[in-house]
Amino acid sequence: MKISKLILCFMAMTTMLFASCTKVDNNGNNNGGNNGSSTNSALKGTTWQLDNPHDESYAQLGDYHVIYTVAFGQNNEVTFTRDITCEELDFHQKPVMTGTYTYGNDGKGVAMIHNEGETTDYRITFTVSGNTLTWHFNLRDIVLQKL
């Protein structure tokens with residue numbers, strides 16, 4: 001009797017062990033058991049852009065033209081650039097921020113980025129809906145289109 005209980009207990013533990021190791025999503029791809037919260041494949045290799053000829057964020061300083069670009073790499077890396085120009089002031093600057101990102105099946109993501117040459121990371125959240133990326137940066141939403 002004790003041996004059969006021991007065998008049943010061992011079988012139950014083995015079943016639970018194998019059932020909890022991985023999780024497979026509806027497409028048959030292993031996502032590491034994160035319930036779809038780390039699938040970055042939808043954004044890999046994509047670029048998103050907003051060309052704003054009269055950016056209101058810089059309006060108090062002059063008439064600034066800003067081109068915002070977000071590029072997602074093949075290995076969860078992300079690059080955020082702002083090409084800022086003001087012809088009145090003969091000004092041009094192109095700050096670049098790089099880092100990594102995670103993106104879920106729910107259309108929401110998080111990027112941890114820093115200015116090139118610096119180490120302080122900034123947490124940026126973003127959402128994707130179709131060909132539109134809403135990048136929550138510096139207390140405002142920047143709405144970019146997929147190129």
Side-chain angles (χ1 to χ4, degrees), residues 8-147:
L8 283 173
C9 181
F10 179 75
M11 287 176 52
M13 288 175 33
T14 304
T15 302
M16 289 183 353
L17 175 69
F18 285 117
S20 66
C21 285
T22 60
K23 180 174 173 69
V24 176
D25 67 12
N26 293 336
N27 296 327
N29 298 320
N30 181 346
N31 67 11
N34 290 330
N35 298 326
S37 64
S38 66
T39 176
N40 297 333
S41 62
L43 295 179
K44 285 185 178 184
T46 62
T47 301
W48 308 72
Q49 194 169 78
L50 168 65
D51 187 344
N52 190 343
H54 305 285
D55 196 300
E56 295 147 6
S57 295
Y58 301 93
Q60 70 277 11
L61 304 173
D63 190 18
Y64 280 81
H65 180 182
V66 182
I67 300 172
Y68 297 93
T69 305
V70 175
F72 295 97
Q74 295 298 320
N75 296 310
N76 300 345
E77 67 273 3
V78 62
T79 303
F80 173 54
T81 59
R82 291 167 286 155
D83 192 343
I84 307 166
T85 306
C86 180
E87 290 184 15
E88 302 167 354
L89 302 174
D90 193 30
F91 175 84
H92 182 258
Q93 186 179 39
K94 190 172 183 177
V96 177
M97 300 180 85
T98 59
T100 59
Y101 74 96
T102 57
Y103 179 67
N105 288 335
D106 59 357
K108 297 178 182 178
V110 174
M112 295 301 292
I113 59 176
H114 55 271
N115 290 307
E116 281 189 331
E118 297 179 7
T119 57
T120 302
D121 274 339
Y122 299 93
R123 185 178 186 274
I124 307 296
T125 60
F126 62 91
T127 56
V128 177
S129 178
N131 288 329
T132 302
L133 169 77
T134 304
W135 187 258
H136 309 289
F137 176 74
N138 211 16
L139 300 177
R140 68 186 197 129
D141 291 341
I142 301 168
V143 180
L144 304 99
Q145 298 301 311
K146 188 174 182 181
L147 296 180

Next item on the list: Would you sort out whether W135 and L50 count as a side chain to side chain contact (heavy atoms under 4.5 Å, CB included), showing the intermediate values?
Entry: CA-CA 11 Å; W135 187 258; L50 168 65; over 6 Å; no
Out of curiosity, [X] [atom1] to [Y] [atom2], how far, rounded to the nearest 0.5 Å?
X    : Y    : atom1 : atom2 : value
T127 : K108 : OG1   : NZ    : 8.0 Å
K94  : T85  : NZ    : OG1   : 9.5 Å
E118 : T98  : CD    : OG1   : 10.5 Å

Margin query: Run the side chain to side chain contact (heavy atoms under 4.5 Å, CB included) test against N75 and tell me which residues pass, sequence neighbours left out.
Written below: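 Expected list: E77.
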Next item on the list: Could you pull out all residues at least two apart from R123 that satisfy side chain to side chain contact (heavy atoms under 4.5 Å, CB included)?
Entry: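 In terms of side chain to side chain contact (heavy atoms under 4.5 Å, CB included), with neighbours along the sequence ignored, R123 is linked to V110, M112, T125.
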Would a 4.5 Å heavy-atom cut-off, applied to side chains only, mark [X] and [Y] as touching?
X    : Y    : value
H114 : D121 : yes
D63  : E87  : no
Y122 : F137 : no
R82  : T69  : no
I124 : F80  : no
L133 : K146 : no
V143 : T132 : yes
V70  : F126 : no

Next item on the list: Report the C-alpha distance between I142 and W48 in whole Å, list the side-chain angles of each, state the deciding distance to 0.1 Å, and finish with yes or no for side chain to side chain contact (heavy atoms under 4.5 Å, CB included).
Entry: CA-CA 11 Å; I142 301 168; W48 308 72; over 6 Å; no
Notebook entry, point to check: Counting heavy atoms not belonging to Q145, are there more than 12 under 6.0 Å from its CD?
Noted result: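 More than 12 within 6.0 Å, yes.
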Note to self: I'd like to know whether CG of D90 has more than 12 heavy-atom contacts from other residues, nucleotides or ligands below 6.0 angstrom.
What the structure shows: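 At most 12 heavy atoms, drawn from other residues, nucleotides or ligands, come within 6.0 Å of this atom.
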Note to self: Going by salt bridge (Lys or Arg N to Asp or Glu O under 4.0 Å), name the pairs with one or both residues in residues 50-61, residues two or more places apart or in two chains.
What the structure shows: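 Matches after skipping sequence neighbours: D55-R140.
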Next item on the list: Quick one: do Y64 and L89 satisfy side chain to side chain contact (heavy atoms under 4.5 Å, CB included)? Show the steps, please.
Entry: CA-CA 9 Å; Y64 280 81; L89 302 174; 3.4 Å; yes
Next item on the list: Check the side chains of D83 and H65 for a donor-acceptor pair under 3.5 angstrom, ignoring hydrogens and angles.
Entry: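 Looking only at side-chain atoms, D83 and H65 do not form any donor-acceptor pair under 3.5 Å.
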